[in-house]
Visitor: 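Quick one: this structure, given as structure tokens, is what I'll be asking you about.
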Amino acid sequence: MDNKTMARLLAETADLMEIDGADSFRVRSYRRAADAAEQTTVDLVEAANDAARLMEIDGIGKSMAAKLQAIVATGTLPQRDELLAKYGVGILELLKLPGMGPKTVTLLWDAAQIGTVDQLAGAIDAGRLKGLPRMGDKQIEKLRKGIEDYRRSVGRFRIDVAEEEAERIVAYLKKFKGIDKVTPAGSLRRGRETIGDLDLLATGPACAPEKTGAAVEYIAAYPGIHDIIVKGENKVSFHVAQGMQVDVRLLPSASYGAALQYFTGSKAHNVVLRQRALKMGYTLNEWALARLDDESIVAAATEEEIYSALKMDWMPPEMRENLGEIDAAADHKLPRVVALSDIRGDVHMHTAASDGRNSIGEMAEAAIACGYQYIAITDHSKFIGITNGLDEKRVLEQIKQVREVDSAIKGRIRIFTGIEVDILADGALALADEVLAQMDVVIASIHSRFDQSREEMTQRVMRAIENPNVRILGHPTGRLLLRREPFALDMGAILRRAAELGVAMEHNAAPERLDLNDHDLRLAKELGCKIVMSSDSHDSRNLGKMGYGARQLRRAWLTPEDVLNTRDAKGFLAGLRPRA
DNA sequence: GCCGTTTTCGGCCCGACTGTTTTCAGTCG
Ligand SMILES: Nc1nc2c(ncn2[C@H]2C[C@H](O)[C@@H](COP(=O)(O)OP(=O)(O)OP(=O)(O)O)O2)c(=O)[nH]1
Ligand SMILES: [Mg+2]
Ligand SMILES: [Mg+2]
Ligand SMILES: [Zn+2]
């Protein structure tokens, strides 16, 4: 049992309760608890014997704490089991169809004994839906298309992929006279590692009420469109050929701040912010913040004005996940989170000596162009499955080469020696200790045997960081976004020990990794671990591309002090694990 | 079911779009 599974059980229970006709606020509290289980840094299994500790988590009360304890003890939740026995598992998938909500699921179940997607598809083909309440021809066609879209849907997208798509669409939209500004919002603006859809805010005179007709037609004529989902006066939603959904929202320039605030979200942040507005005698929507009594507008043009009228500091979009930022902003206690521009060096990169493309000198020149003060050359160690990994002899040669280039470059940048040494299946390292001891930056990483059990993997990493030469744990979970799951690991135990030893955790900023993720970065900070953000470049052109990584650090509320490579070269080395 | 700068009871965000609704329900952002 783990937090993620517990979150899924609670979310499924919420879905089932809603289909079963439960009170909607009660359903909402289950959804809230599911989100809390997923986002909390408390290990729910560890905390299960302490109800008071569970109840400290926002959204977990007395009753939810007891349910969490039951899940840990038995592996299931009786409520969920009973409802599943009544409706069958297929009902959960049915609810996932676009356009399908709890009311329609209940109708189909009561009136036509439909409880799975396949049964629905069969009923549509057989014409069995005709005559059901609220089931006209258009509604039935909508459901048929819903099944088609669901079966074709590809899920979420990596943020770099989403951003590229967004840039194409933004460029098209901006060409329309009267659309002044197109601002990406939603999870893309918040910097989430994956993006469910693109949310684009269009503002300008052509987006003002009663005047949107031409702009809407122009948007709907975007050449990349596969199909249009909805098209109204104030918004257009469509799929592009690659399957990504795009929501374009049109609002007048005077509402820009309220609109951007709304469309940036997150949903949970919006709901709490709107509740705060109500308590203060205001109402907040995407058009404006207005007084409840005479409906006069208090703020609308900028986000700063909205937050300020709510007696809060403005905060970066990355922090808007309802994880304490509303209270912090109201108390004027928001931390100054780290920015990409704070980064002064990059200490994980490969050269042509192993599987990179460039020489040491080329990497150094590229780093100078990025404005960095130092880099470390960290090629792979010799290991099965690694192209061209360095053995002890080649490592020693490379140390010499690095020192030569470093002195030839005459202080324009500092080049540290280093290695990305493999952690073998038993936790030993792939290079001899005497050699590792001669290098500045020793990153230990796992590139093999991802299938080990949680206990084996935890022991393996523990043994590796106990080696006094290891100064950074590289891409600690090994995940590849949307391709390979993180390996099973007791992250809390690793981070606690790493903090004691002074081993820094890497945030690998390659967009397919972003490892550690935002959640584990928050946990690392809580447990006192230092972080190093690195590009893991295999090509000099990728140096400096750590923007998505910086967004993850900000999502974890990390400040420059938490990130070692915001320091100068001397400070960076001093922040690493002390050498014996 | 959760929660408290009026509350331990009585609230719980707010608007756009679609369909068959003759006055609004359902779904989604
Ligand atoms: N007030 C309010 N705003 C919402 C609600 N649902 C969505 N929003 C706002 C905040 C969201 O960030 C924004 C875009 O909605 P999306 O469904 O696209 O969510 P988001 O982009 O955050 O995540 P995603 O990666 O697309 O799954 O719209 C809601 O129920 N109430
Ligand atoms: Mg979105
Ligand atoms: Mg959206
Ligand atoms: Zn690696």
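Residue numbers begin at 1 in each chain, while the letters A, B, ... track the order of the sequences.
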Visitor: How close or far is atom P of B/dC13 from atom CG of A/Asn322, stated in whole angstroms?
Guide: 12 Å
Visitor: Roughly how many Å is it from OH in A/Tyr30 to P in B/dC3, rounded to a whole number?
Guide: 14 Å
Visitor: Pairing donors with acceptors under 3.5 angstrom, does anything connect the side chains of A/Arg80 and A/Thr13?
Guide: no
Visitor: Which nucleotide wins on minimum distance to the side chain of A/Lys267, given the candidates B/dC2, B/dC13, B/dG29?
Guide: B/dC13
Visitor: If the C1' atom of B/dG15 is compared with that of B/dT8, how far apart are they to the nearest Å?
Guide: 33 Å
Visitor: In whole Å, measure the gap between the P atoms of B/dC2 and B/dT6 for me.
Guide: 24 Å
Visitor: Could you give the distance separating B/dC17 and B/dC13 at their P atoms, to the nearest angstrom?
Guide: 22 Å
Visitor: On a whole-Å scale, what distance lies between the C1' atoms belonging to B/dC12 and B/dT7?
Guide: 13 Å
Visitor: Distance check: side-chain N/O of A/Arg274 vs OP1/OP2 of B/dC12, anything under 4.0 Å?
Guide: no
Visitor: Taking atom types as modelled and ignoring hydrogens, do the side chains of A/His269 and A/Asn322 form a donor-acceptor contact shorter than 3.5 angstrom?
Guide: no
Visitor: Rounding to a whole Å, what distance do you find between A/Met135:CE and B/dA25:P?
Guide: 17 Å
Visitor: Want to settle it: does A/Gln79 or A/Val105 sit nearer the 5' end of DNA chain B, counting the closest nucleotide to each?
Guide: A/Gln79
Visitor: Looking at B/dT27, I'd like to know if its phosphate oxygens (OP1 or OP2) sit under 4.0 Å from a side-chain N or O belonging to A/Thr104.
Guide: yes
Visitor: How far apart are the closest heavy atoms of A/Asp197 and A/Ser187, and which atoms are they?
Guide: O-OG, 4.4 Å
Visitor: Sticking with atom P, work out how far B/dT20 lies from B/dG26, rounded to a whole angstrom.
Guide: 14 Å
Visitor: Taking DNA chain B as the partner, which of residues 286-318 of chain A come within under 4.0 angstrom of it by heavy atom?
Guide: A/Glu286, A/Trp287
Visitor: Which nucleotide in the set B/dC13, B/dG1, B/dC17 lies at the smallest distance from any side-chain heavy atom of A/Gln275?
Guide: B/dC13
Visitor: Without decimals, in angstroms, what is the distance between A/Gln139 CD and B/dG26 C1'?
Guide: 8 Å
Visitor: Measure distances between side-chain N and O atoms of A/Tyr262 and base N and O atoms of B/dG15, and say whether any donor-acceptor pair falls under 3.5 Å.
Guide: no
Visitor: Choose from B/dC2, B/dG26, B/dT18 the nucleotide whose nearest atom is closest to any side-chain atom of A/Ser63.
Guide: B/dC2
Visitor: Within the pair A/Lys67 and B/dG1, is there a side-chain N or O less than 4.0 Å away from OP1 or OP2?
Guide: yes
Visitor: On the ring face of A/Tyr256, is A/Lys181 found with NZ or CZ under 6.0 Å from the centre and within 45° of the axis?
Guide: yes
Visitor: Ignoring hydrogens and geometry beyond distance, is a side-chain donor-acceptor pair present between A/Asp15 and A/Tyr30 at under 3.5 Å?
Guide: no
Visitor: With no hydrogens and no angle check, just 3.5 Å: does a side-chain donor-acceptor pair link A/Asp81 and A/Gln79?
Guide: no
Visitor: Provide the Watson-Crick or G-U wobble partner of B/dT8, both distances under 3.5 Å; none if there is no partner.
Guide: none
Visitor: Could you tell me which non-hydrogen atom of A/Ala215 sits nearest to which non-hydrogen atom of A/Ile179, and how far apart they are?
Guide: CB-CD1, 4.4 Å
Visitor: Is the shortest side-chain N/O distance from A/Thr283 to OP1 or OP2 of B/dC14 below 4.0 Å?
Guide: yes
Visitor: CG of A/Asp58 versus C1' of B/dG1: gap in Å, rounded?
Guide: 14 Å
Visitor: Taking CG from A/Leu278 and C1' from B/dC13, how many angstroms apart are they, rounded to a whole number?
Guide: 7 Å
Visitor: Find the distance A/Arg134:CZ to B/dG26:C1' and express it as a whole number of Å.
Guide: 7 Å
Visitor: Pick the C1' atom in B/dG1 and in B/dT5, then give their distance to the nearest Å.
Guide: 24 Å
Visitor: Hey, does A/Leu97 reach any base, or is it just sugar-phosphate, or nothing, if we go heavy atoms under 4.0 Å?
Guide: sugar-phosphate
Visitor: For a quick check under 3.5 Å, do A/Glu93 and A/Tyr150 share a side-chain donor-acceptor pair by atom type?
Guide: yes
Visitor: Tell me, for nucleotides 4-11 of chain B in 5' to 3' order, what letter each nucleotide earns: B for a base near a protein heavy atom under 4.0 Å, S for only sugar-phosphate near one, - for neither?
Guide: --------
Visitor: With respect to A/Gln552, which candidate in A/His507, A/His519, A/Met546 satisfies the side chain to side chain contact (heavy atoms under 4.5 Å, CB included) definition?
Guide: A/His507
Visitor: Looking across every strand, which nucleic acid part, if any, lies under 4.0 Å from A/Leu284 by heavy atom: base, sugar-phosphate, or nothing?
Guide: sugar-phosphate
Visitor: What contact category does A/Ser237 fall into here, base, sugar-phosphate, or nothing, at under 4.0 angstrom with non-hydrogen atoms?
Guide: nothing
Visitor: Checking contacts here: which listed nucleotide (B/dG1, B/dT27, B/dG15) is nearest the side-chain heavy atoms of A/Ser29?
Guide: B/dG1
Visitor: Between B/dC12, B/dT18, B/dC3, which nucleotide gets closest to the side-chain atoms of A/Arg32?
Guide: B/dC3
Visitor: Quick one about A/Asp294 and A/Ser296 (side-chain donor to acceptor, distance below 3.5 Å, no hydrogens or angles considered), yes or no?
Guide: yes
Visitor: Regarding A/Ser266 and A/Arg320, do their side chains bring together a donor and an acceptor under 3.5 Å, going by distance alone?
Guide: no
Visitor: Where the side chain of A/Phe25 is defined as all heavy atoms beyond and including C-beta, which of B/dC14, B/dC12, B/dG26 is the nearest nucleotide?
Guide: B/dC12
Visitor: Any donor and acceptor pair, going by atom type alone, linking the side chain of A/Ser255 with main-chain N or O of A/Trp287 inside 3.5 Å?
Guide: yes
Visitor: Let me spell it out: for each of A/Val236 and A/Val272, pick the nucleotide of DNA chain B with the closest heavy atom. Which residue's pick is nearer the 5' end?
Guide: A/Val272
Visitor: When you get a sec, tell me which of B/dC2, B/dT18, B/dG29 is the closest nucleotide to the side chain of A/Asp199?
Guide: B/dG29
Visitor: Under 4.0 Å, heavy atoms only, any strand: does A/Asn270 hit a base, just the sugar-phosphate, or nothing?
Guide: nothing
Visitor: When you measure from the side chain of A/Arg28, which nucleotide among B/dC12, B/dT18, B/dG15 comes out closest?
Guide: B/dC12
Visitor: Starting at atom CZ of A/Arg249, determine the distance to atom C1' of B/dC17, rounded to an integer number of angstrom.
Guide: 10 Å
